[in-house]
Amino acid sequence: MLKREDLERREAEMLSPLAAKSAESRGRLHPTEPCPLRTAFQRDRDRIIHSKSFRRLKYKTQVFLPGGGDHYRTRLTHTLEVAQIGRTIARGLNLNEDLTEAIGLGHDLGHTPFGHAGERMLDRLLAPEHHFRHNEQSLRVVDALEDGKGLNLTEEVRDGILRHTGDVLPFTLEGQVIRFADRIAYVNHDIDDAVRIGLLKPESLPDTYAGFLGDTHGSRIDALVGDVIAASDGKGEITQSETGRAALGELRTFLFEHLYRLPVVASEEEKGCHILKALFEYYMNHEEEIPDTIPLSPLPLRVKDYVAGMTDKFAEERYKEIFIPSGFHF
Ligand code: MG
């Protein structure tokens with residue numbers, strides 16, 4: 001039988017000296033008895049997977065593409081791809097896979113409904129006294145909002161979630177791995193989804209780095225993941241080669257110019273933003289309708305916590321209930 005102490009010993013013996021070790025974790029906000037079977041990071045991963053906030057990711061948009069369909073990414077499948085790419089990189093560098101996985105699974109828990117357009121709209125609605133960033137909201141979900149009390153995760157997972165985007169790097173290499181895994185995942189799956197829906201043609205992708213990336217979804221991910229591993233091997237930071245950085249950067253720029261700003265994408269986003277704004281203003285005037293599980297705080301922040309946690313589906317249903325006469329069908 002393998003107990004937690006055995007797993008901790010394995011980590012100490014087998015992982016890179018640069019890896020975060022669960023036995024040396026900086027700990028939790030509220031100290032608790034360790035699990036007899038799982039390491040601290042494995043336990044964090046499980047807490048995230050069993051949370052309601054995690055399950056809600058399945059009804060949150062990744063990129064607002066018109067039409068919909070069963071094969072497009074959702075925030076949940078994006079999250080799983082990030083966790084999987086992150087684990088591959090962590091394993092290749094002999095870092096802590098459990099910590100990487102936990103950060104990957106938790107990184108987008110605070111995402112709003114209706115994708116990044118929803119995030120920008122909430123930020124605008126809260127200005128000028130407050131602001132909204134999905135990474136800060138992800139931390140708030142695991143610290144306070146899940147079940148009205150949070151998940152009490154380790155400092156390493158909390159730090160990786162908060163700093164998966166932005167200028168400040170996480171203090172663990174595993175957290176840094178997720179920053180790259182997130183970008184590699186979304187750039188590639190957004191291309192894949194856009195091609196599937198017919199908004200992009202594979203032959204229209206930039207070809208400066210075609211020799212490095214290959215010409216399939218799988219070859220592009222393979223090349224970028226392998227490059228991060230090779231460029232970061234033995235270093236105290238996670239990085240890319242010049243070619244890897246330029247190739248990923250070019251794809252990303254291409255998506256911004258040729259997909260995210262397409263009128264057909266922007267007009268779908270606008271509809272989502274309209275719903276979000278209407279709900280935000282409604283709850284600013286009806287605080288009594290906000291569930292008790294949303295912790296007390298200044299009203300705009302409480303409304304933000306409630307609305308940001310909604311799925312696209314729930315937000316649409318609430319919008320219909322509140323603003324559309326019940327005899328009206330559409
Ligand atoms: Mg993400």
Side-chain angles (χ1 to χ4, degrees), residues 44-45 48-49 51 53-65 72-90 99-123 132-142 145-146 151 153 156-170 172-194 217 220-221 224-225 228 238 240 248-249 251-253 255-256 259-260 265 269 272 308-312:
D44 282 2
R45 173 202 57 204
I48 292 167
I49 285 187
S51 69
S53 313
F54 183 75
R55 294 198 290 281
R56 287 203 302 272
L57 295 175
K58 76 175 160 182
Y59 291 120
K60 291 195 180 194
T61 304
Q62 171 60 28
V63 173
F64 219 131
L65 296 176
Y72 299 106
R73 270 71 176 186
T74 63
R75 193 57 63 183
L76 179 64
T77 62
H78 160 72
T79 292
L80 296 173
E81 290 183 35
V82 171
Q84 185 52 55
I85 289 173
R87 283 182 58 186
T88 304
I89 297 173
L99 172 58
T100 311
E101 185 179 23
I103 297 169
L105 293 176
H107 83 285
D108 270 353
L109 289 176
H111 233 297
T112 59
F114 311 120
H116 283 283
E119 178 176 24
R120 286 192 297 273
M121 176 48 84
L122 261 192
D123 190 48
F132 185 87
R133 302 279 179 279
H134 78 271
N135 54 317
E136 294 172 7
Q137 191 68 11
S138 292
L139 185 63
R140 180 148 172 78
V141 166
V142 300
L145 295 180
E146 175 65 24
L151 296 170
L153 304 181
E156 288 77 7
V157 175
R158 296 177 61 246
D159 163 78
I161 287 174
L162 177 65
R163 306 210 160 99
H164 80 265
T165 179
D167 297 334
V168 183
L169 291 182
T172 65
L173 290 183
E174 288 80 357
Q176 293 184 33
V177 164
I178 289 301
R179 291 169 67 95
F180 287 91
D182 191 19
R183 267 176 266 165
I184 292 172
Y186 85 72
V187 164
N188 285 290
H189 64 50
D190 287 356
I191 290 172
D192 191 54
D193 280 350
H217 177 67
R220 287 190 284 270
I221 295 179
L224 292 163
V225 165
V228 170
I238 304 301
Q240 293 175 289
L248 185 59
L251 290 178
R252 195 167 168 271
T253 307
L255 282 177
F256 273 92
L259 177 66
Y260 304 142
V265 175
E269 286 185 342
M310 291 180 180
T311 64
D312 298 25

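Every number for a ligand or one of its atoms is a count from 1 in the order of the listing. Values reported hereafter were calculated over all heavy atoms of this structure, with side chains retained and with hydrogens, waters and symmetry mates removed.
There is a side-chain donor-acceptor pair under 3.5 Å between H116 and E119.
For the pair NE2 of H107 and NE2 of H78, the angle at the Mg ion (ligand 1) is about 100°; rounding is to 10 degrees.
Distances from the Mg ion (ligand 1) to each N, O or S atom of D182 single out OD1 as the nearest. Looking only at N/O/S atoms, D108 comes nearest to the Mg ion (ligand 1) through OD2.
Ionic pairing of R120 and E269 is present here: one or more N-O contacts between side-chain nitrogen and carboxylate oxygen are shorter than 4.0 angstrom.
The shortest heavy-atom contact between L105 and A83 is CD2-CB, 3.7 Å.
L76 contributes atom CG, which lies 11.5 Å from atom NZ of K60 (distance to the nearest 0.5 angstrom).
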